[in-house]
There are 2 protein chains.
Amino acid sequence: MNQRKSTATARRTHGVTASERRDHLVKLAAELFARKGFQATTVRNIADEAGILSGSLYHHFDSKESIVDEVLRTFLDDLTARYRVILDSGKGPAEVLAQMVRTGFATLEPHRAAITVMQNDWNYLRSLEHHRFDYLVKAEDEIERMWMEQIKKGQATGELRADVDPKLTYRMLRDSIWVAVRWFRPGGRLNTTALADHYITVLFDGLATGERTDQPG
Amino acid sequence: MNQRKSTATARRTHGVTASERRDHLVKLAAELFARKGFQATTVRNIADEAGILSGSLYHHFDSKESIVDEVLRTFLDDLTARYRVILDSGKGPAEVLAQMVRTGFATLEPHRAAITVMQNDWNYLRSLEHHRFDYLVKAEDEIERMWMEQIKKGQATGELRADVDPKLTYRMLRDSIWVAVRWFRPGGRLNTTALADHYITVLFDGLATGERTDQPG
DNA sequence: GTCTATATGGCGATAGAC
DNA sequence: GTCTATCGCCATATAGAC
């Protein structure tokens, strides 16, 4: 079984559906990829973690790359879906941006491993000659458009100061969020909500003009 | 020759000292490490780039790891030396911090490859069991102390707002700078000075109280 | 769905000729 | 200082038994 199993046929074996078993394997692999890097993680490592032999992994997946592919797609699908909900809310640009920042930090917890892999192994995955991971750039571009539109709208309405470069501002916001995955640990001193509030306070007090009324945080 | 050559004996062969030849090889390797990742870069890749065979590399270096070791040490030595000059200047904490930010962006150009490797391969290098790269954490700790001291001093003197968490603020500043290596390209729309000014403006207008007089930028 | 056994190949590193 | 030649190892992936 190398393709994702249809959810229509969720027959159970030993009390666990094939899809659940597969998801579990993906999760184990993601943690290893995040800790040691994609390349340094061997299929034997993954199999060891799951308590099976490496050959058995190929019953579930085509290749090691198809596992990391699933890790990344799952994250990106979830993130863009969350962004779309916010963009459709009809709120003003400053509030939308604050919500997008909050959403970013909120994904830190469920997608910590995926985000780590995306950051550390981005250059490598993109350098592969078979172009399998080109969709990463497409997703990145779509996300950039979402942010940029709101930033520019915010500058037009006067909610955001207009003397900063929109693209540079986008990068600052984006990078500030995702890079936190390097040191953020669930259960630490700060939860992702407090983290988001802190960042919004620092970032927006620099970005917002006096005309803003909806103080984030 | 597996140890760094003494600078006292700079005998030239074909118009190039052994030390210069070695440095050149390190530079080539660093670029490859940055582009594809440390593990994905083979000693054959490095040798190809240099126009020699892989075996010949071992005349200059013990191992592949000793090459990346040299890349990282060179960067860290330069960075900490620059920081120390600023700290010894006797300026106030806000100005010192602004200068440290500027220095960070300034190192982006000469040390782009090293910074990229440091970020992408940090987890991997630290996960190695022979503990060869433990000094990375020591250097990180020393640098953190330098920043934290200035942030806390700035809060004590009233130059910086006191209602933000010092450690979180340090991480924000640090991460904002180094993560820029992901997209910064020399010769692009913005040079590192303009970049630093932009970041200082955004970050400090959120951090600084009204009592500050030395507007950075 | 997992195991046994193995193919196929690339990796880092070495020894010694030149 | 580079090349030739190669060693030993471990990687991903496969085929077929159970």
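Here is how names work: the chains are called A, B, and so on, in the same order as the sequence lines, proteins then strands, and each is numbered from 1. This one's a predicted model, so the numbers in the text were calculated from it and none came from an experiment.
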For residues 143-152 of chain B, which side-chain N or O atoms pair as donor and acceptor with protein atoms under 3.5 Å away, sequence neighbours left out?
residue	atom	partner	partner atom	Å
E144(B)	OE2	K167(B)	NZ	3.3
W147(B)	NE1	Y83(B)	OH	3.4

Seminar exercise, completed: Stem ranges of DNA chain C by first residue number, counting only runs of at least 3 Watson-Crick or G-U pairs under 3.5 Å, come to C:1-18 with D:1-18
For [X] and [N], give me the distance from atom [atom1] to atom [atom2], rounded to whole Å.
{"X": "L128(A)", "N": "dT12(D)", "atom1": "CG", "atom2": "C1'", "value": "14 Å"}
{"X": "L57(A)", "N": "dA13(D)", "atom1": "CG", "atom2": "P", "value": "10 Å"}
{"X": "F61(A)", "N": "dT14(D)", "atom1": "CZ", "atom2": "P", "value": "15 Å"}
{"X": "L25(A)", "N": "dT2(C)", "atom1": "CG", "atom2": "P", "value": "8 Å"}
{"X": "H59(B)", "N": "dC3(D)", "atom1": "NE2", "atom2": "P", "value": "12 Å"}

Problem set entry | Salt-bridge criterion met for D88(B) and R84(B) (N-O under 4.0 Å) | no
Problem set entry | Residue pairs involving residues 41-56 of chain B (criterion side-chain hydrogen bond (donor to acceptor under 3.5 Å, both in side chains); sequence neighbours excluded) |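 Passing the test, one end in residues 41-56 of chain B: K36(B)-N45(B), T42(B)-N45(B).
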For this session: If a pair satisfies side-chain hydrogen bond (donor to acceptor under 3.5 Å, both in side chains) and one of its residues is in residues 116-125 of chain A, list it, with sequence neighbours excluded.
Result: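 As it turns out, the side-chain hydrogen bond (donor to acceptor under 3.5 Å, both in side chains) pairs with a partner in residues 116-125 of chain A, which skip direct neighbours, are Q119(A)-R182(B).
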Selected nucleotide, minimal atom distance to [X] side chain, candidates [options]:
{"X": "K64(B)", "options": "dA13(C), dG1(D), dT2(D)", "answer": "dA13(C)"}
{"X": "S56(B)", "options": "dT2(C), dT12(D), dT2(D)", "answer": "dT2(D)"}
{"X": "H60(B)", "options": "dT14(C), dT2(D), dA13(D)", "answer": "dT2(D)"}

Exercise. Hey, mind stepping through W178(A) and F75(A) against ring-ring contact (aromatic ring centres under 6.0 Å, His included) and telling me if it holds?
Worked result: CA-CA 13 Å; W178(A) 301 126; F75(A) 163 62; 5.7 Å; yes
Exercise. How long is the gap from CD1 on I177(B) to OG1 on T107(B), to the nearest 0.5 Å?
Worked result: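 Going from CD1 on I177(B) over to OG1 on T107(B), the span is 8.0 Å.
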Just distance, no hydrogens or angles: give the donor-acceptor pairs under 3.5 Å from side chains in residues 184-195 of chain B, sequence neighbours left out.
residue	atom	partner	partner atom	Å
R189(B)	NH1	D165(A)	OD1	2.9
R189(B)	NH2	D165(A)	OD2	3.3
N191(B)	OD1	T193(B)	N	3.1
N191(B)	OD1	A194(B)	N	2.7

Problem set entry | Any residue of residues 40-55 of chain A with a heavy atom less than 4.0 Å from an atom of DNA chain D |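 T41(A), T42(A), V43(A), R44(A), G55(A) - these, ordered by number, are the residues of the stretch whose heavy atoms sit under 4.0 Å from the strand.
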Exercise. Looking only at atom types and distance, does a side-chain atom of K153(A) sit under 3.5 Å from a main-chain N or O of A94(A), one as donor and one as acceptor?
Worked result: no
Exercise. Is the phosphate of dA13(C), meaning OP1 or OP2, less than 4.0 Å from a side-chain N or O of Y58(B)?
Worked result: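 Affirmative; the distance criterion is met.
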Exercise. Of the options H59(B), H60(B), E70(B), which is the one that meets R22(B) in a side-chain hydrogen bond (donor to acceptor under 3.5 Å, both in side chains)?
Worked result: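 Output: one option passes, namely E70(B).
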